[in-house]
Each structure stands twice: as structure tokens, then as C-alpha cells.
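The basis for the numbers below is simple: all heavy atoms, side chains too, and nothing from hydrogens, waters or symmetry mates.
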Amino acid sequence: MNAQSALNISLKYFAGSNGKLWTYDKLLSQHWLEAPETAELQNQFGNESDVRSNFLRLEKEVAPIYERVVLGEALRGSDRETFGYFLGFLYALTPDMRGIRKGLYKYSMEIMLAAYAQHPGLFGSLLRRLEKDPLQPWDLDGVRRMIVQLSKFKAAEPIRDQGDVYAERFAKLFLQMKWSVVRAQQHYFITCDNPIFRAIEPDAIHPIYGDHGLLNKTAEITFPISTRVTLLLHWDKGYASEEVLSREWVQHENRKRAYCADSRIYAHVFSAKHVRMANTFRNSKFRTRNIGVPDMRTFQDVAVPRRLQAPHRSI
């Protein structure tokens with residue numbers, strides 16, 4: 001399943017009585033009515049037919065399970081594992097997570113190469129290894145120029161670090177958490193092209209070690225299932241397996257979707273409030289920050305390539 005097919009499973013449950021949904025593009029400041037199956041992600045993942053066919057099996061497994069969650073059914077056993085992997089895969093390929101992977105790879109490579117450039121012994125060992133490479137005729141002068149000024153070069157994350165590996169890791173963490181099916185007492189849920197949101201308590205962030213990601217015990221992961229139901233994952237924060245929460249809670253969740261959307265927000269109705277939220281959060285995107293490496297040693301760009309083979313690892 002690529003991110004487009006994963007999104008399509010969800011979007012039909014956010015359509016109105018006419019079978020269509022409203023799309024709000026916060027980057028273009030535009031909105032329009034369309035069918036769920038025609039809604040498109042911005043091309044973070046592409047729509048290659050071979051990717052879609054490779055993931056068709058998992059998509060068929062997830063679809064009936066998803067319908068049961070829409071009805072408010074708590075998942076157990078193999079259904080829970082399958083849906084956990086679905087969430088892990090979707091989370092691994094969201095624009096936010098791809099941004100994190102891109103930033104981590106970019107900055108780790110920049111720091112490593114900066115260290116090589118500044119330490120004569122390390123630089124010499126690097127050149128000796130390159131000289132022994134029988135498959136790649138390295139231009140050693142070019143290597144020196146690259147390390148001195150990375151801005152002329154682009155980097156690509158290795159294929160071994162692609163989304164299915166991260167999906168499996170995320171799925172295992174999701175399955176360790178408590179799951180609650182939350183119904184809206186009043187109002188309705190919206191969704192977006194980056195639908196999984198992780199929230200933590202501000203005082204749980206360490207000034208040096210950060211927030212520990214999904215392992216932070218204050219973390220709450222929310223994923224809107226339909227206009228009436230949201231799935232909440234947490235580390236035993238006192239929620240029951242089935243909850244009915246207030247209008248204020250639902251509206252707060254909707255603001256999260258508007259904030260974390262890469263560009264598009266989806267709802268079953270038109271609302272001027274949605275337009276205002278899209279405009280308010282127009283420039284809200286995930287950003288990583290580099291500290292300690294001079295700008296002259298930064299890559300021009302870093303690509304996070306798509307893996308074209310379906311993952312077959314069991315959880």
C-alpha cells in the first residue's frame with residue numbers, strides 16, 4: 001500500500017451525503033468539492049501502478065477492519081496487528097516523518113564529512129578507502145571539493161533505510177500502546193494528507209535529549225477514522241477502550257489536522273471556519289534545525305527515494 005491507497009481507504013468515510021468531500025488547500029488558499037477517489041496527495045510518494053499492485057493484498061486486508069473501526073468496534077488479535085502495521089506504514093511515509101528522515105540523514109552526513117575535512121587523519125583514511133574501490137573511479141580532487149563545499153551536491157538516503165523498515169518499527173510501538181476508539185459527542189472530525197498526529201506534554205521535553213518520540217509516556221497519537229470516530233493511542237493515560245468526548249476535544253483535534261496538514265485538509269461539509277484554519281496554518285510545516293555545522297557545508301538537497309517493493313516482514 002502506498003500512501004495514496006492508504007489515504008483513499010480513509011477519505012470515503014469523510015464524504016458528505018452526496019458522496020463527495022470538500023478539499024481545502026492551505027498552500028494555494030483554495031477549496032473545492034471532489035470525489036474521495038479523485039483526491040490526490042501532493043507527489044511525496046507518486047502513484048506508480050507497480051507500487052499500488054504490490055500493496056493491494058494489505059489494502060484488501062485493512063479495508064474490512066477499517067469498516068469495523070468506523071462502527072466503533074475495538075480491535076483485537078490479528079485485526080489489531082494488521083491495523084497497527086497499516087498505521088505504522090502510513091506514519092512512516094507521512095510528510096512529517098519523511099522530513100525527519102531527510103533532516104537526520106542530511107545533518108548526520110554533514111557533521112561526519114565536516115569532521116573528515118577538519119581531521120587530517122580521518123581525511124587520509126577516507127582517501128585510502130576510496131582509492132581501493134575497484135568499481136568506482138573516484139576523482140580525489142573532486143572529493144576534496146565536495147567536502148569543502150557541499151552546497152553544489154545532492155544526497156540520497158540509502159534504500160535500506162526506506163519506509164517499510166520504519167513502518168515495522170512504528171507498528172511494534174503502536175501495538176504496545178493502549179488503543180481507545182473515540183466518538184464525537186457533538187460536532188465532527190476532519191482529516192488531512194498528513195493525518196497521524198503525535199502530541200506530548202510540553203514539560204516532558206528534555207532540553208538535551210528531546211521528547212523521546214513515541215516512547216514518551218505522555219504521547220497521544222490520534223488518527224481520524226471517520227467524521228464521527230477517531231482512534232487514540234496512548235501509554236495508559238486513563239482513557240477507556242471506548243470513549244465519547246466533548247465538542248471541545250473534537251475541535252481541538254480538527255485544529256491539529258489543519259496544523260499538521262502538508263497542504264490539504266478534507267471535510268464532509270463546507271465551512272468558513274475550515275477556510276480560516278487553512279489560512280491560519282498555511283505555513284505550518286515540519287522543520288528540522290541544524291546546529292554547529294557551517295552553512296557552507298550543507299547539501300543542496302537530500303532525496304528520500306521510494307522503495308518499489310512491498311514489505312513482507314511479519315510483525
Side-chain angles (χ1 to χ4, degrees), residues 3 6-7 10-11 13-16 21-34 36 39 41-42 44 69-70 87 90-91 94-100 174 177 179-205 211 213-214 216 218-235 237-239 243-288:
L7 186 67
S10 172
L11 286 185
Y13 296 105
F14 290 88
L21 54 81
W22 281 94
T23 297
Y24 302 82
D25 193 308
K26 67 181 190 180
L27 300 183
L28 298 177
S29 296
Q30 296 177 359
H31 53 272
W32 59 87
L33 191 65
E34 64 182 329
L41 287 176
Q42 302 303 298
Q44 286 90 354
V69 184
V70 169
L87 291 177
L90 191 57
Y91 191 54
T94 56
D96 273 4
M97 290 310 304
R98 288 172 63 85
I100 290 174
F174 289 156
M177 302 176 81
W179 289 25
S180 300
V181 177
V182 177
R183 288 184 175 275
Q185 185 179 47
Q186 295 178 316
H187 206 50
Y188 54 85
F189 294 108
I190 64 174
T191 191
C192 67
D193 57 3
N194 189 25
I196 300 179
F197 190 92
R198 179 182 66 95
I200 59 168
E201 297 293 339
D203 57 4
I205 302 175
D211 61 25
L214 295 176
N216 188 308
T218 71
E220 292 185 3
I221 313 297
T222 50
F223 174 62
I225 298 294
S226 71
T227 57
R228 301 296 299 170
V229 176
T230 279
L231 184 64
L232 168 64
L233 281 63
H234 56 96
W235 294 104
K237 295 188 68 178
Y239 295 102
E243 290 274 4
V244 178
L245 296 182
S246 67
R247 180 188 184 95
E248 290 73 24
W249 194 90
V250 174
Q251 290 178 326
H252 186 60
E253 285 300 308
N254 289 346
R255 286 182 64 83
K256 289 180 183 178
R257 302 285 94 73
Y259 173 82
C260 71
D262 191 57
S263 64
R264 293 181 179 179
I265 302 164
Y266 303 104
H268 72 294
V269 293
F270 172 79
S271 171
K273 187 173 183 178
H274 298 159
V275 176
R276 290 195 297 271
M277 283 198 301
N279 290 333
T280 299
F281 296 112
R282 179 176 183 178
N283 296 317
S284 62
K285 278 180 172 288
F286 177 84
R287 291 180 175 86
T288 53

Using only atom types and a distance under 3.5 Å, with no angle test, would you say the side chain of [X] pairs donor to acceptor with the backbone of [Y]?
X	Y	answer
Arg257	Pro195	yes
Asp262	Asp193	no
Lys26	Ile265	no
Ser180	Val182	no
Ser284	Tyr259	yes
Arg183	Thr230	no
Arg264	Tyr24	no

Measure the [atom1]-[atom2] distance between [X] and [Y] for me, rounded to the nearest 0.5 Å.
X	Y	atom1	atom2	value
Ser246	His252	OG	NE2	11.0 Å
Leu21	Thr227	CG	OG1	11.5 Å
Lys256	Met277	NZ	CE	13.5 Å
Trp235	Ile221	CH2	CD1	9.5 Å
Gln185	Arg228	CD	CZ	9.5 Å
Cys260	Ile196	SG	CD1	9.5 Å

**Request:** For Glu220 and Leu232, run side chain to side chain contact (heavy atoms under 4.5 Å, CB included): C-alpha distance rounded to whole Å, both residues' side-chain angles, the deciding distance at 0.1 Å, then the answer.
**Result:** CA-CA 7 Å; Glu220 292 185 3; Leu232 168 64; 4.0 Å; yes
Can you give me the closest heavy-atom contact between [X] and [Y], atom names plus distance?
X	Y	result
Arg282	Leu27	NH2-O, 3.0 Å
Ala204	Thr218	CB-OG1, 3.8 Å
Gly238	Glu243	O-OE2, 4.3 Å
Leu90	Phe223	CD2-CE1, 3.7 Å
Leu214	Ala219	O-CB, 4.3 Å

Taking side chain as C-beta onward, heavy atoms only, is [X] less than 4.5 Å from [Y]?
X	Y	answer
Phe14	Pro224	yes
His234	Tyr239	yes
Asn254	Ile190	yes
Tyr13	Val229	no
Thr191	Phe189	no

Any luck finding a side-chain donor-acceptor pair between [X] and [Y] under 3.5 Å?
X	Y	answer
Thr222	Glu253	yes
Arg276	Ser271	no
Gln30	Trp32	no

**Prompt:** Aromatic rings Phe270 and His31: how do their planes relate, parallel, tilted or perpendicular, breaks at 30° and 60°?
**Reply:**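 It falls in the tilted class, 30° to 60°.
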**Asked** Stepwise, does the side chain to side chain contact (heavy atoms under 4.5 Å, CB included) test hold for Trp22 with His274?
**Response** CA-CA 10 Å; Trp22 281 94; His274 298 159; over 6 Å; no
**Prompt:** In terms of side-chain geometry, is the basic nitrogen of Lys237 or Glu201 positioned less than 4.0 Å from the acidic oxygen of its partner?
**Reply:**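 Yes, this pair counts.
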